[in-house]
Amino acid sequence: MSEIWTIGSLLKWTEGYFNDNGIETARLDAEVLLGHVLGKERIYLYIHFDQPLQQDELAAFKACIKKRVQRMPVAYIVGRKEFMGLDFQVNEYTLVPRPDTEILVEAAIERLKAIKKENGIIADIGTGSGAICLSVLHYLPETRAVTVDISEEALAVAKANAEALEVSNRIEFLQGDMLKPVKDRRFSAILSNPPYIPDADIEALEPEVKVYEPMGALAGGTDGLDFYRQLTGASGELIEDGGFLAMEIGIGQAEDLLSLAEQAGCWQKTEVVKDLAGIERVVVLWK
Ligand code: SAM
Ligand code: GLN
């Protein structure tokens, strides 16, 4: 990378280089990274294809390219990820919020409205960047939340995101193990995207996930259901009558979840919510 590079020629070159290195979303990644280095939206790149890059911009972009071909997720390189139309800070201590998880947030918002609990209090167990509960608080301006994570580093990120989204006055952060920090509380709803990948599947994950994302955010025990056992078993007592527990699930886990719910014996009604591709993504258990 010497001579004069323009935005257009640099994007083209980087797309090819990423493709050669097995990066699936080569063009998109090149654009997001260059936009990040230049401090511009992607659309800017398209209307300034002929703009030459300065040496310091080139150097910064080169550093990004290097990280990406080592398979570091783009979100960690740029330190942010868009989720539910909002901007979330992320780092190596937080899972990168997934589009799949928007199904959980949308399902929760819809149901909180339906039961007229927009002014209620929710819990988010295993909050990571805070993507789930902070989105709910943003879209439901009267809802309050208690959020739990075992990782102090993740909670620090969630707190920063709460500040940036201006919802800090409606949220409480508790560090601890699953439901333990909230065992004496009552909620309109409990939401969770717990670690759910079965131990045996960890090895086959993409390097972006396996190498860079926190293992404590992914590994769900031998059958992937460890955290669901706790949630379905113990959260019943913490949810008001007429409230619900909504959990994101991995592909093919719905049936297991429904039998865990049945064993718990405290749930009145169950729902499985599919994503746009028809994949079962969320299980809702009603108290
Ligand atoms: N809610 C975020 C999201 O959807 O993007 C993060 C979900 S990530 C799959 C699971 C989160 O649970 C991680 O932030 C991890 O630190 C947290 N976690 C793992 N074990 C936990 C435990 N025993 N108690 C509380 N949180 C835990
Ligand atoms: N959806 C994540 C993945 O497939 C897993 C997140 C989780 O365990 N909750 O990598």
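Not measured: the values here are computed from a predicted model. Numbering of ligands and ligand atoms starts at 1, following listing order.
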One finds that the ligand 1 atoms under 4.0 Å from a non-hydrogen atom of Thr101 are 4 (O)
Candidate with minimal heavy-atom separation from atom 24 (N) of ligand 1, of Met178, Glu248, Glu153, Gln175: Met178
Between Asp241 and Arg186 (salt bridge meaning N to carboxylate O under 4.0 Å), is one present in this structure? no
Going by side-chain contact (heavy atoms from CB on, under 4.5 Å), Glu208 matches just one of Arg68, Glu213, Met72. Which one? Arg68
Of all the non-hydrogen atoms in the protein, which one sits nearest to atom 14 (O) of ligand 1, and at what distance? Asp149 OD2, 2.7 Å
Less than 4.0 Å is my threshold; does some heavy atom of Gly216 fall inside it relative to ligand 1? yes
Gly126, any N or O under 3.5 Å of ligand 1 N or O: yes
min-distance protein heavy atom vs atom 9 (C) of ligand 1 -> Ala217 O, 2.9 Å
Membership question, hydrophobic clusters at under 4.5 Å side-chain separation (ILVMFWY): are Val157 and Val90 in the same one? no
Taking every non-hydrogen atom, the tightest pair across Thr232 and Trp267: O-NE1, 3.1 Å
Atom 27 (C) of ligand 1 has as its nearest protein heavy atom Ile150 CG2, 3.6 Å
Using a strict 4.0 Å cut-off to heavy atoms of Asp177, name the atoms of ligand 1 that fall inside it. 22 (C), 23 (N), 24 (N)
Run the salt-bridge test on Glu142 and Arg170 with the 4.0 Å N-O cut-off and return the result as yes or no. no
Polar pairs, ligand 2 vs protein, N/O only, below 3.5 Å.
from: ligand 2; atom 1: 1 (N); to: Tyr196; atom 2: OH; distance (Å): 3.1
from: ligand 2; atom 1: 8 (O); to: Tyr196; atom 2: N; distance (Å): 2.9
from: ligand 2; atom 1: 9 (N); to: Asn193; atom 2: OD1; distance (Å): 2.8
from: ligand 2; atom 1: 9 (N); to: Pro194; atom 2: O; distance (Å): 2.7
from: ligand 2; atom 1: 10 (O); to: Arg98; atom 2: NH2; distance (Å): 3.0

Side-chain ion pair, Lys117 and Glu240, N-O less than 4.0 Å: yes
Identify whether the distance between the nearest side-chain nitrogen and carboxylate oxygen of Arg98 and Glu82 falls below 4.0 Å. no
Cluster overlap Val167 with Leu112, hydrophobic side-chain contacts below 4.5 Å: yes
Counting from 1, what ligand 1 atoms have a heavy atom of Leu95 closer than 4.0 Å? 5 (O), 9 (C)
Suppose I only count heavy atoms of Pro97 and a 4.0 Å limit; which atoms of ligand 1 are within that range? 5 (O)
Is it the side chain (CB and beyond), the backbone, both or neither of Thr127 that lies under 4.0 Å from ligand 1, heavy atoms counted? backbone
If the cut-off is 4.0 Å to any non-hydrogen atom of Asn193, which atoms of ligand 1 fall inside it? 3 (C), 4 (O), 7 (C), 8 (S), 9 (C), 10 (C)
Output yes when Arg111 and Glu106 qualify as a salt bridge under the 4.0 Å nitrogen-oxygen rule, no when they do not. no
hydrophobic_cluster_shared for Val146 and Ile171, side chain cutoff 4.5 Å: no
Just grab all the salt bridge (charged side-chain N to carboxylate O under 4.0 Å, His left out) pairs involving residues 7-24, residues at least two apart or on different chains. Glu15-Arg27
May I ask you to list the atoms of ligand 1 that are less than 4.0 angstrom from any heavy atom of Ile132? 1 (N), 4 (O)
Taking the non-hydrogen atoms of Gly176, is any one of them nearer than 4.0 angstrom to ligand 1? yes
Below 4.0 angstrom, N of the basic side chain to O of the carboxylate: do Arg144 and Glu172 qualify? no
Inspect the contact between Glu118 and Lys113 and indicate whether a charged nitrogen and a carboxylate oxygen are less than 4.0 angstrom apart. no
Judged by non-hydrogen atoms, does Phe227 sit under 4.0 Å from ligand 1? yes
